[in-house]
Amino acid sequence: MTAGADLTGLNTLQLHATAQHLVTVISVDQLRAEIAALEEGAVPHVLGGGSNVILCDHLPGTTLLMAMKGREVLSEDGTQVVIRVGAGESWHDFVVWCHHQGFHGLANLALIPGSVGGAPIQNIGAYGVEVAERIEAVHVVHRHTGERACLSRDDCEFRYRDSLFKHSAGVQWIITEVDFVLDREAVVEANYPSLRTRLSEAELTHDAVLAAVISIRRERLPDPVITPNVGSFFKNPVISQQDIDILRQNFPEIPVYPASGDAVKISAAWLIDQLGWRGEERDGVKVSDDHALVLEGCGARSAAPWLALAEDIAGSVKEAYDVSLELEPRVIGATE
Ligand code: EPU
């Protein structure tokens, strides 16, 4: 255990946060022992890859850094394979490893920063694929009691950038391992417009999709190793058909994508961009020059300026379009 640990290198916003006690967790048994050893009523904070969190300045009590490794093929029948992966594995390394093994279905999610254990929480998605489609089960430990459970895909209540783990019914579960179901012969998924335009008919292969996704991301999204960021800072709002009909009367060019049921998803980047936010810089945080949905750090070292700029952006979107923006990263330390 490290007392008064600096978390700067453990979050991609590079915030100068500290944890009162930081424990690196490498096994389920160790995790349960750490929980059992906590003082009565104490609840640990949990940190994975740190790529989708906004850390408050000081995390009191114990923070568990999930570093459980391991990739185990559980079953393989010639068409499908089920793989159990430790929460602490790097997401991108896992995607590339699957590709080289000939296990398909995740190429569109290449280069998303973070760990395997973080992927189900926000149901990571990109270029027409959401990770939920490939999750068979999520193994968890209860952060108060240490109880173990295995949640099915349905139990996880996956939605667009959302899952059980973000809500009161599931926030107490700590993800330890994820089971993925992948295909030997998966169909290439290349319908997302910016991906499709990169690929010719001859190139509709898993290799080409992986390469194209990596190159699009490198061009459009800042590398968190160099520039502090968490990718998209807001979710794309999901609104009713009735509301989009009204919005379109004034803003006919607004990009719209299908969502579940009767709802539609609209482009938050477009809404923000139209209001002139791209390139705006305040107190060490900047709206990316390349993508209006991405905020970049240029000196800010605490959560406050990030949240302040986000609040101003969301306020202006609400005023202009009567649409509410929700934060995509999770704030850790204040509201848990
Ligand atoms: N657009 C603008 N201005 C910009 C950027 C984009 O107007 O500065 C408009 C364009 O019309 C563009 C549309 O927004 O066609 C959509 O842009 P993009 O394809 O980049 O997708 P996005 O909806 O902004 C989502 C995910 C990304 C993911 C991409 C690609 C969310 C919150 N974000 O962004 O995920 O990489 O689609 O599938 O759903 C992340 O979650 O951190 C992330 C980067």
Side-chain angles (χ1 to χ4, degrees), residues 11-13 49-54 91-92 95 106-115 118-133 158-163 166 189-199 209-210 212-224 227-239 247-248 251-260 263-280 286-296 306 310 313-314 317 320-321 323-330:
N11 74 101
T12 63
L13 293 186
S51 61
N52 206 42
V53 292
I54 305 170
W91 174 258
H92 177 69
V95 169
L106 298 176
N108 300 50
L109 305 179
L111 220 58
I112 293 180
S115 60
I121 297 174
Q122 49 157 166
N123 183 17
I124 57 171
Y127 310 105
V129 172
E130 286 187 345
V131 76
E133 298 162 31
F158 290 118
R159 305 274 182 277
Y160 164 64
R161 286 298 195 280
D162 197 25
S163 73
K166 284 181 141 184
E189 172 56 61
N191 289 326
Y192 194 83
S194 59
L195 178 60
R196 190 69 189 83
T197 53
R198 294 277 169 128
L199 301 163
V209 168
L210 183 73
V213 167
I214 289 174
S215 86
I216 298 170
R217 289 192 76 98
R218 287 210 169 116
E219 279 166 31
R220 300 222 64 195
L221 299 167
D223 179 351
T227 308
N229 80 94
V230 287
S232 305
F233 215 80
F234 299 99
K235 295 189 206 177
N236 284 327
V238 176
I239 65 173
L247 258 182
R248 267 189 168 147
F251 308 104
E253 334 77 77
I254 188 166
V256 176
Y257 309 98
S260 51
V264 294
K265 204 158 70 175
I266 58 174
S267 164
W270 188 89
L271 300 176
I272 297 167
D273 209 4
Q274 296 297 305
L275 296 174
W277 282 103
R278 222 194 293 189
E280 176 78 14
K286 180 179 168 180
V287 182
S288 166
D289 288 323
D290 301 317
H291 202 300
L293 201 49
V294 177
L295 301 189
E296 297 176 352
W306 294 84
I313 294 171
V317 166
Y321 308 102
V323 169
S324 301
L325 290 184
E326 262 181 63
L327 284 186
E328 210 252 346
R330 296 198 301 167

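These numbers were taken from a predicted model, which means no experiment stands behind them. Atoms within each ligand, like the ligands themselves, are counted from 1 in listed order. Along the sequence shown, residues are numbered consecutively beginning with 1.
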For [X], counting its heavy atoms only, list the atoms of ligand 1 lying under 4.0 Å from any of them.
X: P255; answer: 11 (O)
X: G231; answer: 42 (O)
X: A126; answer: 36 (O), 38 (O)
X: A292; answer: 4 (C), 8 (O)

Is the backbone N or O of [Y] less than 3.5 Å from a side-chain atom of [X], with the two atoms forming a donor-acceptor pair by type?
X: R330; Y: K166; answer: no
X: T12; Y: N229; answer: yes
X: Y160; Y: N236; answer: yes
X: N108; Y: Y127; answer: yes
X: W306; Y: L295; answer: no

**Asked** Right, does atom 13 (C) of ligand 1 have protein non-hydrogen atoms nearer than 4.0 Å?
**Response**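 Under 4.0 Å from atom 13 (C) of ligand 1, at least one protein heavy atom found.
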Residues at least two apart in sequence or cross-chain that pass salt bridge (charged side-chain N to carboxylate O under 4.0 Å, His left out) with R248, listed by chain then number, are none
[X], portion touching ligand 1 at heavy-atom distance under 4.0 Å:
X: Y160; value: side chain
X: S232; value: both
X: S267; value: side chain
X: R220; value: side chain

Margin query: Between E296 and T227, is there a side-chain donor-acceptor contact under 3.5 Å, judged purely by atom types and distance?
Written below: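 Distance-only check fails for T227 and E296.
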Query - Pair R159 + E130: basic N to acidic O under 4.0 Å - result: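 Salt bridge absent between R159 and E130.
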Top protein contact for [atom], by heavy-atom distance:
atom: atom 2 (C) of ligand 1; result: D273 OD2, 3.6 Å
atom: atom 20 (O) of ligand 1; result: H291 NE2, 2.6 Å
atom: atom 6 (C) of ligand 1; result: A269 CB, 3.5 Å
atom: atom 38 (O) of ligand 1; result: Y127 N, 2.6 Å

When S115, P329, S232 are each screened for side-chain contact (heavy atoms from CB on, under 4.5 Å) with N52, the one that passes is P329
Side chain or backbone, does K235 bring an N or O within less than 3.5 Å of an N or O on ligand 1?
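So ligand 1 has no N or O lying under 3.5 Å from an N or O of K235.
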* Please indicate whether any nitrogen or oxygen in S194 is less than 3.5 Å from any nitrogen or oxygen in ligand 1. =>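 It does not: no N or O of S194 is found under 3.5 Å from an N or O of ligand 1.
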Nearest non-hydrogen contact with [atom] belongs to which option: [options]?
atom: atom 35 (O) of ligand 1; options: R217, E130, R161, E328; result: R161
atom: atom 15 (O) of ligand 1; options: W270, W277, Y257; result: Y257
atom: atom 19 (O) of ligand 1; options: F233, Y192, F234; result: Y192
atom: atom 23 (O) of ligand 1; options: I272, V213, L109, N236; result: N236

Take E280 and K286 through the salt bridge (charged side-chain N to carboxylate O under 4.0 Å, His left out) test and state the conclusion after the steps. CA-CA 6 Å; E280 176 78 14; K286 180 179 168 180; over 6 Å; no
Could you tell me whether the side chain of R218 reaches within less than 4.5 Å of the side chain of L111, counting heavy atoms only? yes
In short, salt bridge (charged side-chain N to carboxylate O under 4.0 Å, His left out) pairs touching residues 268-278 with sequence neighbours left out are D273-R278
